[in-house]
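One structure is given below, encoded as structure tokens.
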Amino acid sequence: MSNQENSQDFKKSLGLLDATMLVAGSMIGSGIFIVSSDIARNTGSAGWLMVVWLICGFMTLAAALSYGELSAMFPKAGGQYIYLQEAYGPVVSFTFGWTFFAVIQTATIAAVGVAFAKFTAYLFPVLDEDVYLLVLGDYHISSAQVLAIAVIVLLTFINTGGVKNGKTVQTVLTLIKILSLVLLVIFGFAAFDLEVWNQNWSSERMWNLQRLNTDGSTADYATFGAFGAISAALVGALFSSDSWHSSSAVAGEIKNPQRNIGLSLALGTLMVTVIYILTNLMYTGVLTIEEMASAPKDRVAMLVAQEIFGPVGIAILAIMIMVSTFGCNNGLILAGARIYYSMAKDGLFFKKTGTLNKNAVPAYALWLQAVIASIWCLTGKYGDLLDMITCVVVMFYVLCIIGIFWLRYKRPDVPRPYKAFGYPFIPAIYILMGISFIILLVIYKPQFTWPGIIITLLGIPLYYFVKQKDVKT
């Protein structure tokens with residue numbers, strides 16, 4: 001059993017709407033505006049593009065509905081860290097927490113921050129990633145990196161003022177970006193090009209799985225290569241839909257957590273999944289699959305906005321993505337610090353990260369997270385982390401959902417106010433899909449996946465080192 005403090009020191013400030021907006025807002029960043037270009041290149045057809053997004057939607061919903069059981073059983077700050085601890089013990093939960101801190105959350109915050117800066121540069125070119133403020137040999141710092149750090153610091157400061165500050169920013173910005181995406185879909189279907197639609201969805205092309213290169217050339221896949229292509233395409237889709245579990249991390253601040261965490265996970269993920277599928281369907285009615293695959297810097301939504309709104313479309317979409325990424329990072333920053341807080345309560349992290357400030361938030365954990373995320377911004381390697389992060393993230397999701405089966409066997413008497421939807425079939429299907437995805441990535445993208453797995457495995461000896469030293473600082 002965990003030696004967690006109960007979350008009575010946290011203020012119960014988040015209602016169902018706030019928790020749902022945290023889930024949806026943490027999911028919607030810049031990915032939906034970009035990753036469809038890479039998916040189009042990997043699949044080469046509209047039919048397979050939509051299959052990838054449908055698989056992603058199913059996996060995300062299945063995981064969220066399964067997590068509802070865990071969140072109702074253990075409604076404490078820390079989310080996945082708590083679930084893994086209760087199912088497998090402290091070694092596995094610490095390994096997750098270490099990976100979450102070292103790469104998963106902090107590098108994602110960095111990547112979303114830089115995405116904010118890149119799209120701000122459409123309005124203010126001086127903030128572009130190609131504008132260097134410091135050059136030392138091959139290393140350089142761009143104005144986009146500096147702006148990304150400034151945004152991380154600003155949002156961290158806002159969140160140290162109390163969860164009410166963070167939830168206000170989150171709820172308002174998430175409602176704005178959901179409305180913006182819905183309007184983009186509506187205007188996109190209004191600008192529907194029947195010729196483009198027929199070209200994408202013609203019977204001889206819609207299921208033609210192939211590699212589309214940016215120069216317009218194509219390459220067919222061997223049988224097993226097709227599985228690798230689908231798994232590679234899924235990386236971007238799953239990354240765009242990630243962080244759906246954010247409300248579980250702030251369980252200590254949610255009113256009626258046994259009910260509202262599971263409900264917020266279901267509502268938030270369902271809402272975003274439907275919007276993502278409609279957005280991509282709209283893309284196929286505005287751009288050919290070749291245009292999507294060759295979009296400059298993968299910014300497929302920019303091409304769509306130009307088709308819909310003309311020259312002003314770039315400015316409109318840039319503002320949309322600025323709002324989207326700003327709100328996404330707020331959710332990531334708010335939720336992430338609660339994991340480190342829970343680790344510290346178990347004596348497995350810096351002691352100060354387990355304390356709350358006068359506003360009842362883990363301020364030290366928030367600032368430590370900001371420092372690591374800022375370092376990731378300065379490395380310039382955040383773009384290379386997509387495959388590494390996604391593989392490791394799915395690995396821990398699979399472990400958590402296996403934990404549902406294990407806990408039903410090991411601890412059948414623990415109250416379960418909510419039970420996993422479709423148990424045992426839907427959780428089992430997710431487990432099989434998740435394991436298949438991980439194996440395919442290890443086979444077809446070993447240069448990215450192995451570094452993430454190695455960083456994760458480092459958590460095991462690090463756990464014993466920390467326990468031996470009994471962290472005091």
(request) Among residues two or more places apart or on two chains, list those pairs meeting side-chain hydrogen bond (donor to acceptor under 3.5 Å, both in side chains) that have a residue in residues 257-279. (result) S247-S264
(message) Strictly distance-based, threshold 3.5 Å: is any side-chain N or O of R299 a donor or acceptor partner for the main-chain N or O of A295?
(response) no
(message) Using a strict threshold of under 4.0 Å (side-chain N to carboxylate O), is an ion pair present between E69 and K419?
(response) no
(request) Determine the minimum heavy-atom distance between A420 and R408, stating which atoms define it. (result) N-NH2, 3.9 Å
(request) State, to 0.1 Å, how close L317 and M302 come at their nearest heavy-atom pair, and which atoms those are. (result) CD2-N, 3.4 Å
(request) Keeping to residues at least two apart or across chains, list the ring-ring contact (aromatic ring centres under 6.0 Å, His included) pairs with something in residues 141-181. (result) none
(request) Any pair with a residue in residues 316-334 that passes side-chain hydrogen bond (donor to acceptor under 3.5 Å, both in side chains), sequence neighbours left out, goes on the list, sorted by first then second residue, please. (result) N159-N330, Q170-N330
(message) Filter on side-chain hydrogen bond (donor to acceptor under 3.5 Å, both in side chains), then keep only pairs touching residues 89-101, sequence neighbours left out; what's left?
(response) none
(message) So that I can tick it off, tell me whether K410 and E86 are bridged by a salt bridge, with the cut-off set at under 4.0 angstrom between side-chain N and carboxylate O.
(response) no
(message) My understanding is that only residues two or more places apart in sequence, or in another chain, count here; which of them pass salt bridge (Lys or Arg N to Asp or Glu O under 4.0 Å) with K167?
(response) D18
(request) Quick one: which residue pairs count as a ring-ring contact (aromatic ring centres under 6.0 Å, His included) with a foot in residues 312-338, not counting sequence neighbours? (result) F116-F326
(message) Are more than 12 heavy atoms, taken from residues, nucleotides or ligands other than F405, located less than 6.0 Å from that residue's CZ atom?
(response) yes
